[in-house]
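Following: one structure in structure tokens, then a few remarks.
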Amino acid sequence: MPPDRALEESPPGTGDGTAALPPTARRRGGRRALLPTWSPKLGIGLGLVVAIALFGLIGPLFTGDPDTIRNIGLTPPSGEHLLGTTQTGQDVLAQLVHATRGSLQIGLLVGVMATALSALFGIIGGYAGGFADEAFSLFSNVMLVIPGLPLVIVISGFVPADQRGSWTIAVVLAITGWAAAARVLRAQTLSLRGRDYVAAARVAGEKPWRVICVEILPNLLPLLASQFVFSVIAAILNEAGLSFLGLGASNSSTLGTMLYFAQNGFALQREAWWWFAPPGVVIAAFGCGLALINFSLDEIINPRLREAGRRRRAAAKAGRDTERVTRSTAA
Amino acid sequence: MTNDIAPAAARPAAGNTPPEAVLTVRDLNVVYRTDPPVHAVKDVSLTLNRGEILGLAGESGCGKSTLAYAVNRLHEWPAEVTSGSVTFHDRDGGDLDLLALRDEELRRFRWAKLSMVFQGAMSALNPVISVRAQLEDVLTTHRPGMSRQERRERCAEVLRLVGVEPRRMHSFPHELSGGMRQRVMIAMALLLDPQVMIMDEPTTALDVLVQRGILREILRLRDRLGFAVVFITHDLPLLLELSDRIAVMLRGEIVEYDTAETIHRRPRHPYTRTLLDSFPSLTGDRGAFLRTGAAARSDAPGEEDAR
Amino acid sequence: MTYFARKIGFYLVALWAALTLNFFIPRMMPGNPVDTLMAKLQQRGGTVDPAARKAYELLLGADRSESLFQQYVSYLGNVLRGDFGVSVSAYPARVSEVIGQSLPWTIVLVGMATLISFALGLLLGTVVGWRRGSWLDSVVPATTVLAAVPYFWLALVLAALLSSTLHWFPLLGGYDVALQLGWNREFISSAVYHGTLPALTIVISSVGGWLLGMRNMMVSTISEDYMLTARAKGLRNRRIMVRYAARNAALPSIAGFATSLGFVVSGSVVTEQVFSYPGVGTRLLQAVQNNDYALMQGIFLVITVAVLGANLLVDLLYGVIDPRTRTSH
Amino acid sequence: MTTLEVRDLVKDFTLRSGLRRSRLRAVHRVGFTLVPGRTVALVGASGSGKSTVARMIARLEKPTSGAITAVDSAGRRVEDPRYRDHVQMVFQDPFASLNPFHSVEHHIARPLLLHGRSRGRDETRERVAQLLERVSLPAAAVMDRRPHELSGGQRQRVAIARALAPGAQVVVADEPVSMLDVSSRLGVLNLLARLQREDDLAVLYITHDLATARHFSDDILVMNRGRVVERGPADDVILGPRHPYTQLLAAAAPDPELRGRLGSAEPEPETASDRDHLTYDHFAGRWIDVDAEGTDAAAA
Amino acid sequence: DGGGSGAGGSTTLVAYTGQSGDYQINFNPYSPTMIDGPGSIYEPLFFYNVARKDEPKPRLGTEFSWNDKGTELTVTLRQGVKWTDGRPFTADDVVFTFDMVRDNPTMNSTGFTGKTTAVDDTHVKITFDKPSFSEGPQILGKFWIVPKHLWAKIGKPAEDVMKNPVGTGPFKLAEFKPQAFTLEANPDYYDGAPALKKIRYVALSGNQSGADALKAGQIDWQTGPVPDIKNVEKNYPGYRAITVPMNQAALFTCSNADLGCKGPQTDPAVRKAVYYAMDRTQLNALAFENTASEISPGFALPGRDKALVSDRLKDPVAPMQPQPGTARRLLEGAGWTKGSGGIYTKGGRQLALTVKVVAGWTDYITAVNTAAEQLKKAGIKLTVQQLSWNEWSDARGRGQYELLMDSLYQGPAPDPYYLYNYFFSSRTTAPVGRTANPNFARFKDPKVDEALAALAGIAMEDTAARQPYYDTIQTRIEESMPYIPMLTGGTTSEFNARKFTGWPTQDNLYAFPAVWGRPDNSQIYLNLKPAGE
Ligand SMILES: Nc1ncnc2c1ncn2[C@@H]1O[C@H](COP(=O)(O)OP(=O)(O)OP(=O)(O)O)[C@@H](O)[C@H]1O
Ligand SMILES: Nc1ncnc2c1ncn2[C@@H]1O[C@H](COP(=O)(O)OP(=O)(O)OP(=O)(O)O)[C@@H](O)[C@H]1O
Ligand SMILES: [Mg+2]
Ligand SMILES: [Mg+2]
């Protein structure tokens, strides 16, 4: 009897479970498969994101009021103002810290809302099929072609001005940003819906919402995570773009509005790089960090990518192993 | 180009003339450089004779495909042939050390002398290119001198050989049934009149009835064209019926290598016996299986497995 | 044929829905064109007599006695006849005239840039994907940095560097305005010269996305079984890369390309702002800022039709490039 | 003990191509009865409608017409909410039928909880362990693993345990071993056979492998293009096939005993026969036209 | 040439009017969306310099006179003037133009009702049914005379874009492209062809690109902010800048509770406390780069209207330094008490105000943010709310705001009368909820209304007779302060003094030097000469 099948047919309790694991056992699967594999890319990405998040979260505790106006006007970085001041003498570092927090907040809000919307329309549509599916996918396709720019103004108009701020812009960005993801989710759900384990759950008597939440959703997690990350990047970038056009989150401070004020204050023309560069750099670094994290998520969604990623690293190691294997072959 | 199809060669394997080898594999080792490394093929030695059908049996993951790919050097990283040799004995007399071929030589060798048929024909055919284009690809690459007309005719000819109407040439793979796709793959493998054809589970995904039809086709073509076949499957009864000799693989090693008849009647290795017993015979004695009788009362592993 | 009928049916419904939304969205915006115009004149010329308000109300027809539904019906009718009405912000020009004047610039600049970035992305993606795991792969994350930089920021910095400081490119505009418009060498070379930097910024910021998508698809495609068949067939590497790998891997990108073509118009707003480039993006902004419903609707319609049209085209073309879809279901 | 009766089962699928729709009859007037302690095998080539029958029995698909009735030991009809307590299904692909995200315990505990067969964590865990041991798996070692950490045969055992968890007495096994490695197939089949005997289960064993159908079932139904073309005790059907399709199927099954058969000329399958729509019933010993007589006559 | 492409030849003046996006052809001087023409192509009868108290300069008219009651205006026309198509200009053209404006409500943007008759070929008479001295500058200075022989054939003159404009002006259209259009000197101009041969107007995308183009020497004249305004001459070699105080920046308040205004700002004490709490020096430095100047709480321009500033005002100009004491006294006098956090309260409600400002108007945003900090020190809480322009103007029109930041604008002649008539007359206001135009503060004072009515019947030149009424208006305004004066905003223009000479200077402000000022810019074009000629 081949030893590696010992467990398969051994009477209960006698097999020592671990020794008899089939060769595939070391492959990752289940919940652990949902975690990205560690790689330098992921490390750098997480590092950037965490650093910027901390910067935005606890930074405000250490800097002063970003709105404090000083008569010194525009000054380059100095010991007192590490990143200099704006034309109204406001401390750029303090502004940057608050703006980062504002942008993160918008990114997070949009990420959550857009992902929720796309999950709602994509997964439910995909699972329910039939008319609901047709209607949902038509709706998402229409949403895909609606221009977002005027929606910003329209939706802002419905929110009382004194309650307006990053929320409003986040809602708009979410509303205009979920559709593409929903299409992807729908396709994925359609394929998961046909899986036997979904059928098995139904045979076991599970309710539809439970099938969706417990059987289907977890397997969509990497995809959802990737879409979340993506919509956070997109939200921060779009918010900056809208702000540049003067349509942004005007009553809250974000990196976009900061850039907008820098631009309006002729920061670039005055070569006040300390005012213009940092917000862009923070956005770029944050987006880049998220993109790097997304690389790892991509590898979960499409395991073939992982193989490609591993090649190089393993190749270096291969030299050492060859020796060992050939020796054991000879034996 | 009709002389591409050699006149039916003698069938040495079954006859009395001493067998002439077309492919020799000696002490082949293949390792997957993963973490930890997998030693997928261990010291395998095989000889494939001209016109013979060699069955390669073994359960999933024992290294059958790895062996087959190694012969054609299809492996990419992380697979690596660590030692051994594969020699091709050409009809014209020359020997080719396949593992030593340079890239361009290897490219020329592939398909011209040794062709392959893979398991899933749907995925083995490019879904977005028509069947004809995929057939002609081979000819334009390996027979650059051929005219369009000749190419067209050659494709039609091989399709006819495998029993597919030539006008289906213009179809795309998904427009063909599974059986037809597999036939197209075989037709493609015949295009250059190779001396060896490696078939890696060519019928596993097919319906029993279709499978039968294809197997019959392979035998017929082999008899007519005289190529040798390496037939890989885990379906031992099928091999017993089909092949001349059988090699049984277990965890990368060949544990038994003999004529089909011997393996069927007098299996020596316990694993071969296990394998044989895994397939209840259709027409044999029903009592041979454990369903009824005292033995069936317990499904103690030893008994369940021992057959 | 029914496949096409179904597709076209879907697009018609989507078009109708989009048209309807386009009708209502601008109408929900606060403010009205007359006040906007008044305020603009005050801001610019200084003096506006209070009586002007009445005059402009009459001129621009701000008081709408028609019910919303009537407006909607006549809007749909007009749109079908290709009549989008009169632009308030460019009164008394017709919307079609305003758009017709600006659209070619946008289409040429942003369209070409999108095309170039798509082609370049596909090409680079093919090469990087084919040589996956080699040092080339480490270039990929770098391109995402470019995509993560806010576009206008990148554009402004590049413009400041390449135009203002190094004087390699002209700073603003679509051509040397001293030249005569027309299909002569001088004008075209001036237009190309002026378009290079804006196009470059678009390409830089968008090529990474195409590259990454194509690279990932290449990696997936390479492990398909038919790639193994192709290698076993002894085909040349180049042929395998192009005909087997790249051709199949490019399919999803092509669908994405159609969508991105549709967004050429709306995506051009920022580019045109930064480079003072003539085009329809600025018009959109102008329409939004001036409560110019008709112009807004006209431009939305162009965007919608462009997006839907591009998608329809790809849906139909997809049948040609991907035979599997032709007989699906 | 539950008995399951299938009568006059018909299933039509609507195929959509563009705006046009067409109907495909996947199952046509199929009828049979599953009784405790007996295994019925459903054999046939690909696309003959076997899985569709199974899915209708598992209520994953609604029959177009016909009836599927489960009757419990007291002779009462099993109505909807309780139906799943009685009838369960084992799927073909052990890799796809277990959710890679959940542990083995979850897979078995859920039906236990859903069908009120256990309460509380500890009891559930204990019952899961019992079930695992019944399917010859070391409960302690396996319980907290996830499907990918198990071999195919082990997974199929988990799937069987899951089917038994609600206390089902009718088990539909749709090609339970065709995806398994050759060497673990018999183990799973033997396990099914043992459970069937011990619990007096009624089993519908779906397969395209005539050999295992013969050895692991009492009766065999042969399906072709949605119809049952032959029925009878296992040996009678395999060794003495009457319907041309059954004969063809039997001839196609590899059999080392018949070495050399492949090379020799074989009769090409007749494309159409006048008996195509008839059913040969070995029990009755005659040809039956279900279209005329209904499945009651056949299922007798 | 300034070096950049697009600048044109060395005799072409490249002007940027702030146009963002392409031009849409429209040379109809009566169209609100016309892109140019008034003054340059079409001429008024006289030129009124709003920047300085000048006599009106003759253009098509040579003299004018009112009767004593101000109901009859007689104008003498210039002789020997030709339209650019060669036809002679006559009194008929003037009559036609005036009648056309009167009879086309869509063109009549000032509510002109006069009857115009041609006395002879060179004299026209306009009669009104009530005293209309104040209408003079509008009629004489802003009615663009158009050729009867062409315009009489147009069915709807308000809706024609005049692709080929024919006028009497010093310039005519040479070429139109959406990205730029060019005017060239009219060789047959009655005063001789202007020295400036070509003017090219270019389209850019706004202030930023204007500043960039200026830096690159691609434009010769623009009106708008540039970085570091004080050092234009150093930063842009050859260029000069000029700043003219013109519009008064103020915090508009919805001041009139009777008309439906709500909030603490309806209390005059609060408005005045805000007025005294502002640090105008700091505001000027931080928000306006010191280009703004003093403001009079009576809203006469301290420079131009110096003579009219009432000596009965408490402050002839608003204090540049904060006066916290005064503010405190005012508030406490009105019953406000300092509450927790240093903010005044009354009746349990905090002295908290919301100020609306247009998102994107950075100088104003900076100003209100700065003011918020300053007011905090004085115990007044100011919350800044940025709105899209559309919403902001909607709120302003309907009076749905507490405070907003905006500026008051002047009329067609250098006289504060127009501003008072626009912003402080009860005829131009409306209850909250209905659109006011432009008395957004909803200020209503019978004494002011009376004074305005009286002023309409007194000739503009008769300053002695007018002054008492100005005194009344200014003191009432100071008393009530519906628009809380901040600073007088300067309009800054930058121009290429190396390429052209003859630009206005602070000492010789012969026209308001804004490139978008029409017909002011034409007056400047007429004065410019290419350098070195
Ligand atoms: N790319 C790979 N990386 C690492 N290990 C691999 C790879 N491909 C195959 N293996 C391992 O090599 C061994 C042999 O695999 P191979 O595919 O040759 O088996 P096989 O006999 O063809 O099986 P099957 O019948 O399932 O096709 C297996 O243990 C497998 O896990
Ligand atoms: N959801 C469906 N929609 C449309 N047609 C279907 C559907 N499911 C099955 N069919 C069709 O019904 C017929 C019977 O299918 P079924 O899966 O029952 O066959 P089967 O006997 O189980 O085959 P196999 O041995 O391949 O599993 C086939 O022709 C199939 O194409
Ligand atoms: Mg294999
Ligand atoms: Mg099936």
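Note that this is a predicted model, so its numbers are computed, not measured. Proteins come first, then strands; the chains are lettered A, B, ... in the order of their sequence lines, and each starts at number 1. All values below were derived from every heavy atom in this structure, side-chain atoms included, with hydrogens, water molecules and symmetry-related copies excluded.
- Defined by atom type and a distance below 3.5 Å, a donor-acceptor pair is present between the side-chain atoms of Y32(B) and T66(B).
- With Q211(B) as the fixed residue, the side chain to side chain contact (heavy atoms under 4.5 Å, CB included) test singles out one of L215(B), D207(B), I214(B): L215(B).
- Heavy-atom neighbours of chain C within the stretch residues 129-138 of chain B, taken at a separation under 4.5 angstrom, comprise I129(B), A133(B), Q134(B), D137(B), V138(B).
- The greatest number of non-hydrogen atom pairs below 4.5 Å with chain C, out of H142(B), M116(B), E104(B), is found for H142(B).
- Salt bridge status for E105(B) with R108(B): absent, with no side-chain N to carboxylate O gap under 4.0 Å.
- With respect to K113(B) and D193(B), no salt bridge is recorded, no charged nitrogen being found less than 4.0 Å from a carboxylate O.
- Contact check on R167(B) versus E165(B) returns a salt bridge, with a Lys/Arg side-chain nitrogen under 4.0 Å from an Asp/Glu carboxylate oxygen.
- With a 4.5 angstrom heavy-atom cutoff, R243(C) touches chain B via backbone and side-chain atoms both.
- Between the side chains of H89(B) and T24(B), at least one donor-acceptor pair of N or O atoms lies under 3.5 Å.
- Heavy atoms closer than 4.5 Å to chain C are found in the side chain of Y69(B), but not in its backbone.
- There is no side-chain donor-acceptor pair under 3.5 Å between T221(C) and N248(C).
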